[in-house]
Amino acid sequence: MMSNNKIWLSSPHMGGDEKKYVNEAFDTNWVAPLGPNVNGFESDITSYLTGKLEMHAAVLTSGTAALHLALRLLDVGPKDIVIVQSFTFCGTTNPVSYQGAEIVFIDSESDTWNMCPIALEEALKAYQNRSVKAIIPVHLYGMPAKMNEIQAIADKYSIPIIEDAAEALGSLYRGQSCGTFGNMAALSFNGNKIITTSGGGALISTNKKYIDQARFLATQARDEAPHYQHSQIGYNYRMSNIVAGIGRGQMEVIDLRVAQRRANNQKYRDFFKDIPGITFQTEPNDDFYSNFWLTAILIDSKLTSGISRETIRLKLEEENIESRPLWKPMHMQPIYEGTSFFGKGVCENFFENGLCLPSGSNLTEKEFERIFSALTSIFKK
Ligand SMILES: *Cc1c(COP(=O)(O)O)cnc(C)c1O
């Protein structure tokens with residue numbers, strides 16, 4: 001039998017100019033410290049984002065670091081509460097725990113799969129007498145959360161929003177980039193994201209003061225002095241000039257990457273068109289434009305004659321094709337046992353019945369043929 005190469009869920013896809021920027025850093029010995037690639041990558045990001053206001057960006061070692069700095073800037077600490085979308089990756093929640101704050105989890109709504117505005121308001125009412133310091137919605141798999149409704153509720157209770165836009169670079173809500181709505185937002189350039197620097201992230205904001213302060217905290221909070229002087233605890237979170245060079249090359253192809261991911265999503269929709277029991281995470285209307293970082297489906301095994309999420313996942317695995325169950329909601333995770341949760345359990349059903357299909361922008365026609373032939377063997381017997 002011919003051995004088939006592994007098809008990954010989402011693998012790095014270089015554009016070509018990454019090496020040019022990295023070589024420039026070597027040629028000028030700007031391996032360290034911060035340098036032109038860091039500044040260049042930051043301005044590539046801010047000029048790419050479309051919004052009402054001018055954005056500022058600090059590039060960092062990870063998206064998790066960006067969220068951590070955002071919480072530090074809002075002075076989140078023990079005794080405080082942070083309201084977080086439960087249906088997400090631990091990168092959203094870990095920084096809240098680093099700060100020792102209490103998390104209150106919010107369910108998803110069934111159309112965007114993101115933070116349910118109704119459950120959010122219930123939680124804010126219930127915790128009115130506590131110090132709620134931030135709300136963190138997530139644009140999961142690239143799908144914009146309902147930012148107008150979430151913003152209106154946040155404004156009513158005067159609570160800042162930190163957008164987790166780690167998966168949503170290139171996504172738009174009402175024509176405006178995800179990441180430009182909240183008081184601050186985090187982006188991620190981890191290895192499997194829509195663009196990657198091999199690992200990295202950014203904190204972005206319309207508020208320059210936040211970003212200046214984030215840069216300060218991310219470089220060990222060094223006060224101005226010839227010696228090392230510290231009046232605050234800082235972090236070593238700044239992105240290096242080498243890594244930022246990869247980011248510069250990736251920003252040249254971001255529009256293409258969004259188009260490729262969206263084309264993948266359409267291929268899967270065409271394939272499943274006549275198969276009952278399969279539904280997609282779908283843009284509810286023209287207000288939503290997802291980068292479709294990952295194509296995510298739900299399987300209703302009552303309508304698929306018993307074919308379940310696991311049937312599909314295991315069959316793909318047999319063919320050396322990676323797929324993955326949707327995020328396990330954080331309120332169901334052992335580390336957050338006993339934490340409060342508002343909602344009806346919509347995201348629990350997503351976890352039980354959902355699957356992310358291979359979605360890399362570098363998938364070839366041949367690889368799609370392999371994926372569809374495996375799926376055909378399950379559904380079209
Ligand atoms: C990837 C991701 C993060 C964290 O980003 P890293 O760069 O991996 O630290 C946070 N939240 C979500 C939803 C993510 O997908």
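If you're wondering where the values come from, they're calculated on a predicted model, not measured in any experiment.
- Between Tyr336 and His331, a ring centre-to-centre spacing not shorter than 6.0 Å is recorded.
- One distance of note links OG1 of Thr196 with NE2 of His13; it measures 12.5 Å at 0.5 Å rounding.
- The cationic group of Arg269 lies under 6.0 Å from the six-membered ring centre of Phe280 and within 45° of the ring axis, placing it in a cation-pi geometry.
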Evaluate Asn192 against Ser11 for side-chain hydrogen bond (donor to acceptor under 3.5 Å, both in side chains), listing each step before the verdict. CA-CA 5 Å; Asn192 60 2; Ser11 73; over 6 Å; no
Stepwise side-chain contact (heavy atoms from CB on, under 4.5 Å) test for Asn320 and Asn5: CA-CA 7 Å; Asn320 210 16; Asn5 291 336; 5.7 Å; no
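- Across Tyr21, Tyr48, Phe189, a single residue satisfies ring-ring contact (aromatic ring centres under 6.0 Å, His included) together with Phe41, and that is Phe189.
- Remark: Arg215 is not positioned above the aromatic ring of Tyr210, lacking an NZ or CZ atom under 6.0 angstrom from the ring centre and at most 45 degrees off the axis.
- For the pair Asp44 and Arg248, the salt-bridge criterion is met [side-chain N within less than 4.0 Å of a carboxylate O].
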If you apply the rule side-chain hydrogen bond (donor to acceptor under 3.5 Å, both in side chains), what do you find for Ser308 with Thr311, and how did you get there? CA-CA 5 Å; Ser308 68; Thr311 322; 3.0 Å; yes
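- For Phe342 and Phe105, the ring centers are positioned 6.0 Å apart or more.
- Contact check for Ile106 versus Ser86: no side-chain heavy atoms found under the 4.5 Å cut-off.
- Electrostatic pairing of Glu24 and Lys20 does not count as a salt bridge here, judged by no charged N lying under 4.0 Å from a carboxylate O.
- For the side chain to side chain contact (heavy atoms under 4.5 Å, CB included) test with Val76, the passing option among Ile81, Ile162, Val82 is Val82; the others fail.
- The aromatic rings of Phe87 and Phe350 are tilted relative to each other, their planes meeting at an angle between 30° and 60°.
- Taking the ring centroids of Tyr268 and Phe368, they lie under the 6.0 Å cut-off.
- With ring centers used as reference points, Tyr173 lies 6.0 Å or more from Tyr289.
- Relative orientation of the Trp327 and Tyr141 rings is parallel, given thresholds of 30° and 60° on the angle between their planes.
- Centroid-to-centroid, the aromatic rings of Phe379 and Phe272 come within less than 6.0 Å.
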